[in-house]
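Working notes, beginning with the structure itself.
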Amino acid sequence: MAYNHQQIEKKWQDRWETSGVFHAKDGGEKQKFYCLIEFPYPSGAGLHIGHPRSYTALDVVSRKRRHQGYNVLYPIGWDAFGLPTENYAIKTGRKPQDITRENTDTFRRQLKSLGLSFDWSREVNTTDPSYYKWTQWMFLEFFKAGLAYKTSQPINWCLSCKIGLANEEVVNGKCERCGGVTEKRDKEQWMIAITKYAERLLEGLDTVDYLEKIKSQQRNWIGKSEGAEIDFSVPPLPEGGLGGVGDSIQVFTTRPDTIFGATFLVVSPEVGKKWLDVGWQASEEVRRYVVESLAREEMDRTAEGKEKTGVDTGVVAINPANGKQIPVWIADYVLGGYGTGAIMAVPAHDERDFEFAQKFGLSVVKVIEPEPLQEIINPDVGISHAMQSNVKIVSDCFIGDGVMVNSGDFNGMKSKETMWAIVDKIGARRSVKYKLRDWVFSRQRYWGEPIPLVWCENHQWVAVPNEQLPVVLPDVEKYEPTDTGESPLAAMSDWVNTTCPQCGGPARRETDTMPNWAGSSWYFLRYIDSHNDKEFASRDKLKYWMPIDLYNGGMEHTVLHLLYSRFWNKFLFDRGHVPVSEPYARRHSHGLVLAEDGTKMSKSKGNVVNPDEIVRDYGADSLRMYILFMGPFEEPVPWSLNGLIGVRRFLDKVERYVGDWREVQTNSEVAGVVERSLKKVSDDIESFKFNTAVSAFMSLFNEIVESHVTREQLKKILVVLGPFAPHLANECWEKIGETGMVEEQAWPEFDEALLVQDEIEMGVQVNGKARVTIQISPTADEATAKQLAFADEKIQKHLEGKEIVKIVYVPGRILNIVVK
RNA sequence: GCGCGGGUGGUGUAAUGGUAGCCACGCCAGCUUGAGGGGCUGGUGGCCGUAAGGCCGUGGAGGUUCAAGUCCUCUCCCGCGCACCA
């Protein structure tokens, strides 16, 4: 290898550190740019090779912005609470605090070795009491606003982690962390009412610049449905015995237009349970069904392709649209936790209801016909495809919109247009439902922020006064979670027993801790003023820095973390604590770095790439540039050591080129190439096309390798190279006798005149087939182009004996000669 | 099932509707006294051909256009997310 990367990388990292060039200033003349990466969880495994993908990309943007004269904030910190550390503590009998310190030391060293331009003076750590003091303070804000509440409810309990999980943390009935089995348990849990913000979290998406797929995932998760709540009255049975059911059943539907086809009702086992609890005299069979289906695990109940089960309750209800009596069933395909927990079943127009009706022999009444054929003919496509698409419609269960039939006065009308008329006519109410649930906020574990509340018999839950924050996590003997579901803190009677801040009487501390989403929901605010011990951040600084101009992280966080932190910020905004409602103006996501074989890297498979070894053997600049070059930023891409070596060869070539460089006064031959290449790099950074930016550099050097460029040209090249390979760029800068650092230079301006090529190679086609190329000005007129083309022997041959029908000439693009 | 992305050489990939395959990896050949994935030059989509050249080629089938990887319709496959959410 041509240059000693270990030596030069150390040298420039030291200079950056001592000069403080990457420190952000809180204010001043310059325009601000807040650039954020998701702060890492400092695991014991050390930095993953995937981390630098995000960090380097935003480092490139940050560095470019500094060159452009922005005041850039590019901070870093540690999201250090969490289960792996706690489990490791249990296994080794060591303190999580000590483990965290070691891990963050490792991560810090590793990140510094990459030459990332973080402002290390603002480093934060969520497990630091001076940090979680404010996490606790914010929790109390939720509490004081009535958004944090404790409730007993069935929660997802992971049997192996011994921890309650949020709905979001359960994947197909398994624990997201350990993959273990979960079950439903009734537990007292702290909840935060994120559902109150559902609509605003949805609306806010229209005001921000996120990748479309991120927005759609968020929308999907919030899951807004517009429809109606309809009451189906229940006539009293002559024999009596209906107590508990009440005199009507409320259902939620998004298709009130299909109500004439509602041939039965289905209520969830949860609703059935509620009726039983208040005295419904149901049959033995019904009781058994309710008990058994409630006992079954979620996983089981919602498994795909599962045969539907259910039981006829004997209760009947009246369809308010046509007055018909219809049976009421209980079935577990209706979920207790969504809508009203009851539905009107329209088997003719809903697949699930159809399946159920088929199995139990319930009647099916069609109330919507597909639109007549003419209506769906697409003029651009022609009739044949309309015929094809019509074929789908011919099935037993039709889901789409169409024309009403069997619907009394509404017959013949379009279903879409009758929706709300029907709702009005039957006296139902418009209603909006969301899939989003409230946030389960307590964990029965040690390694998290203590929830700063105290239970007093007289005053119930009381907030710990602000001046007593933080409630510091006490040292405990044992970190093991308990089977009773209590946090290990519960055993610390000295800590648990306290006095009520309101009456001074005896009180007990809450022993649950917060989920580790808590600290990461607001860390971006702390970076703004990380040493402030009076506020989480000063008003003025928040106003200056927020919102975040660019945020990047993994796709795995685009639902939970992004939603929680947006919510958290909106809440703080409502309380007047932060200046903007949406924290992230622009959000990007990067793809995973896969192992060489295209699978996920994992320790057990032994295909993990260690960043330390790469930096040691090939240098940080090689790693940085390769990880940007390997593929499109958003896509998952397999790692390739050979690919990395290829980039290293390129850097060697750069170093050699600069070493051999002799200053020349002018070089107009390559001026255009230099200008256009660097312009492309500059543009590609803006559009996150780092892979083509790197390839533009490679092309550039391939073209200039034979010649010496001028000093100005070379300086430009090195400045633009700086964000990608900052150590080498600086080394070269120094080598050609320039003073200062590349970081201090302005981003180059690009000369319009040089960006335009005066002669290009243009394709000539005959009947759309490329035949030859001609050298021509991109602005040449048609006559010139024709003359050049017709002068070509090959073209002449292709035209021989043919009649020219048409000539299409697009200057700078193509000349197409159409012949017969 | 619904939503969002994708299918291009041996590989990673690139292409404002305008010469498909930039840039790399790998491979082949040659040069260099420089051994441990050293440097340089040239070649490298497939088929036919000594060559000149020709034909074919971006998952598949149609279509629009002077011109389609790109636009439209249908279809197959893959990845990610959500999922009995009424």
Side-chain angles (χ1 to χ4, degrees), chain A residues 1-2 172 211-217 219-221 223-225 227 251-255 258 266 301-306 308 331-335 337-340 342-346 349-353 355-356 378 380-382 384-386 388-389 399 433-436 555-556 558-559 591-592 596 598 626 629-632 634-647 649-650 652-653 656 689 691-692 694-700 702 705 761-774 794 797 805-810 812-819:
Chain A
M1 284 181 196
N172 291 330
L211 289 182
E212 198 45 47
K213 65 176 164 182
I214 298 173
K215 285 192 185 185
S216 76
Q217 278 190 24
R219 287 196 187 101
N220 215 313
W221 192 262
K224 180 180 183 176
S225 296
V251 306
F252 173 71
T253 181
T254 54
R255 293 294 303 272
T258 64
V266 187
R301 218 178 120 172
T302 61
E304 193 182 354
K306 202 203 95 186
K308 286 194 169 39
D332 67 5
Y333 82 92
V334 172
L335 306 176
Y338 182 77
T340 60
I343 61 155
M344 62 176 207
V346 185
H349 305 289
D350 182 282
E351 281 177 295
R352 298 153 300 183
D353 298 343
E355 191 193 329
F356 193 77
N378 180 343
D380 296 335
V381 178
S384 61
H385 293 105
Q388 275 178 15
S389 63
I399 311 299
K433 301 287 181 202
Y434 302 90
K435 290 184 203 170
L436 185 68
M555 278 309 288
E556 70 276 18
T558 52
V559 176
L592 286 177
E596 299 232 14
Y626 169 64
F629 179 62
M630 63 198 301
E634 291 106 78
E635 304 293 323
V637 193
W639 174 262
S640 160
L641 184 59
N642 280 328
L644 174 99
I645 291 167
V647 170
R649 281 206 278 264
F650 165 71
D652 284 335
K653 191 179 196 171
R656 225 178 303 123
K689 290 161 74 177
N691 53 333
T692 54
V694 174
S695 106
F697 266 120
M698 292 173 169
S699 299
L700 170 62
N702 287 343
V705 73
E761 195 174 69
M762 189 178 79
V764 178
Q765 301 179 329
V766 177
N767 283 350
K769 273 195 201 310
R771 292 301 173 185
V772 298
T773 60
I774 53 177
K794 253 171 99 175
K797 239 171 77 189
V805 185
K806 186 173 180 179
I807 288 183
V808 179
Y809 174 59
V810 183
R813 295 267 173 242
I814 202 78
L815 177 69
N816 188 7
I817 305 163
V818 186
V819 298

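In this text, all values refer to a predicted model and were calculated from it rather than measured experimentally.
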Nucleotide B:G3, atom C1' - distance to CG of A:Asn220 in whole Å: 5 Å
Sugar-phosphate only, base, or nothing, as touched by A:Thr773 at under 4.0 Å among non-hydrogen atoms: base
Counter-base of B:C25, judged by Watson-Crick or G-U geometry with both distances under 3.5 Å: B:G10
Gap in Å between the two C1' atoms, one belonging to B:G1 and one to B:U19, rounded: 44 Å
Pairing partner of B:C74 (Watson-Crick or G-U wobble, both distances under 3.5 Å): B:G60
Touch class at under 4.0 angstrom, heavy-atom based, for A:Gln765 against every strand present: base
Phosphate-side-chain proximity, A:Asn702 and B:A24, N/O vs OP1/OP2 below 4.0 Å: yes
Separation between the P atoms of B:A68 and B:G18, rounded to whole Å: 11 Å
Nearest-angstrom distance from the residue atom CD1 of A:Ile645 to P of B:A24: 16 Å
Complement of B:C55, any strand, by Watson-Crick or G-U distances under 3.5 angstrom: B:G46
Separation of the P atoms in B:A52 and B:C40, to the nearest angstrom: 29 Å
Candidate nucleotides B:C40, B:A86, B:C22, ranked by approach to the side chain of A:Ser699 - the nearest: B:C22
Side-chain donor/acceptor of A:Gln765 to backbone N/O of A:Ile814, under 3.5 Å: no
Rounded distance in Å - NZ (A:Lys769) to C1' (B:G57): 11 Å
Test item: A:Ile343 and A:Tyr333 side chains (from C-beta on) under 4.5 Å apart, heavy atoms: yes
Sugar-phosphate, base or nothing in reach of A:Phe629, heavy atoms under 4.0 Å: base
d(CD1, A:Ile399; P, B:C84) in whole Å: 16 Å
Pair of N/O donor and acceptor under 3.5 Å linking B:C84 base with A:Lys308 side chain: yes
Sugar-phosphate, base or nothing in reach of A:Lys689, heavy atoms under 4.0 Å: sugar-phosphate
Atom P, compared across B:C55 and B:U64: separation rounded to whole Å: 23 Å
Among B:A86, B:C82, B:G39, the one nearest A:Trp221 by side-chain distance: B:C82
B:G7 to B:G21 separation - C1' atoms, rounded to the nearest Å: 16 Å
Side chain of A:Ala770 - closest among B:A14, B:A20, B:C4: B:A20
N or O in side chain of A:Lys806 less than 4.0 angstrom from B:C66 OP1/OP2: yes
B:G81 OP1/OP2 closer than 4.0 Å to side-chain N/O of A:Arg219: no
Watson-Crick/G-U partner (both atom distances under 3.5 Å) of B:A67: none
B:G81 phosphate, OP1 or OP2, under 4.0 Å from A:Thr558 side-chain N/O: no
Whole-Å distance separating the CD1 atom of A:Ile814 from the C1' atom of B:U70: 15 Å
A:Trp639 side chain near A:Tyr626 side chain, heavy-atom distance below 4.5 Å: yes
A:Met555 CE - B:C82 P separation (whole Å): 10 Å
Non-hydrogen side-chain atoms of A:Asn702 and A:Lys653 separated by less than 4.5 Å: yes
Side chain of A:Lys794 - closest among B:G53, B:A86, B:A20: B:G53
Straight-line distance of A:Lys433 NZ to A:Thr253 OG1, nearest 0.5 Å: 12.0 Å
A:Leu436 CG to B:G81 P, straight-line distance once rounded to whole Å: 19 Å
Sugar-phosphate only, base, or nothing, as touched by A:Val810 at under 4.0 Å among non-hydrogen atoms: base
side-chain hydrogen bond (donor to acceptor under 3.5 Å, both in side chains) between A:Lys806 and A:Asn816, intermediate numbers included: CA-CA 8 Å; A:Lys806 186 173 180 179; A:Asn816 188 7; over 6 Å; no
C1'-based separation of B:U73 from B:G81 [nearest Å]: 27 Å
Atom-to-atom span, CE of A:Met698 to C1' of B:C25 - whole angstrom: 10 Å
Nucleotide of B:C84, B:A86, B:C66 approaching A:Asp332 most closely (side-chain heavy atoms): B:C84
Between CD1 on residue A:Ile399 and CZ on residue A:Arg255, distance to nearest 0.5 Å: 8.0 Å
Short side-chain N/O contact to B:A14 OP1/OP2 from A:Asn691, under 4.0 Å: yes
Atom C1', compared across B:A14 and B:G30: separation rounded to whole Å: 29 Å
Pair partner, B:G79 [Watson-Crick or wobble, under 3.5 Å]: B:C4
N or O in side chain of A:Arg771 less than 4.0 angstrom from B:G54 OP1/OP2: yes
Any donor-acceptor pair under 3.5 Å from A:Asp350 side chain to A:Ala345 backbone: no
A:Glu351, CD: over 12 other non-hydrogen atoms inside 6.0 angstrom: no
Any A:Lys224 side-chain nitrogen or oxygen under 4.0 Å from OP1 or OP2 of B:G3: no
Paired nucleotide for B:C40 [Watson-Crick or G-U wobble; both distances under 3.5 Å]: B:G30
Distance, P atom - from B:G60 to B:U70, rounded to whole angstrom: 11 Å
Syn/anti state of B:G9 by chi, 90° boundary around 0: syn
Residue met sooner reading RNA chain B from 5', once A:Ser695 and A:Lys433 are mapped to nucleotides: A:Ser695
Sugar-phosphate only, base, or nothing, as touched by A:Glu761 at under 4.0 Å among non-hydrogen atoms: base
Contact under 4.0 Å: A:Asn642 side-chain N or O vs B:G26 OP1/OP2: yes
Nucleotide nearest A:Val637 when distance is taken to its side chain, options B:G18, B:C80, B:G12: B:G12
Shortest non-hydrogen contact between A:Thr558 and A:Gln217, atoms and distance: OG1-OE1, 2.9 Å
Nearest-nucleotide comparison on RNA chain B, the residue closer to the 5′ end among A:Leu641 and A:Gly646: A:Gly646
Side-chain N,O (A:Tyr338) to OP1/OP2 (B:A86) below 4.0 Å: yes
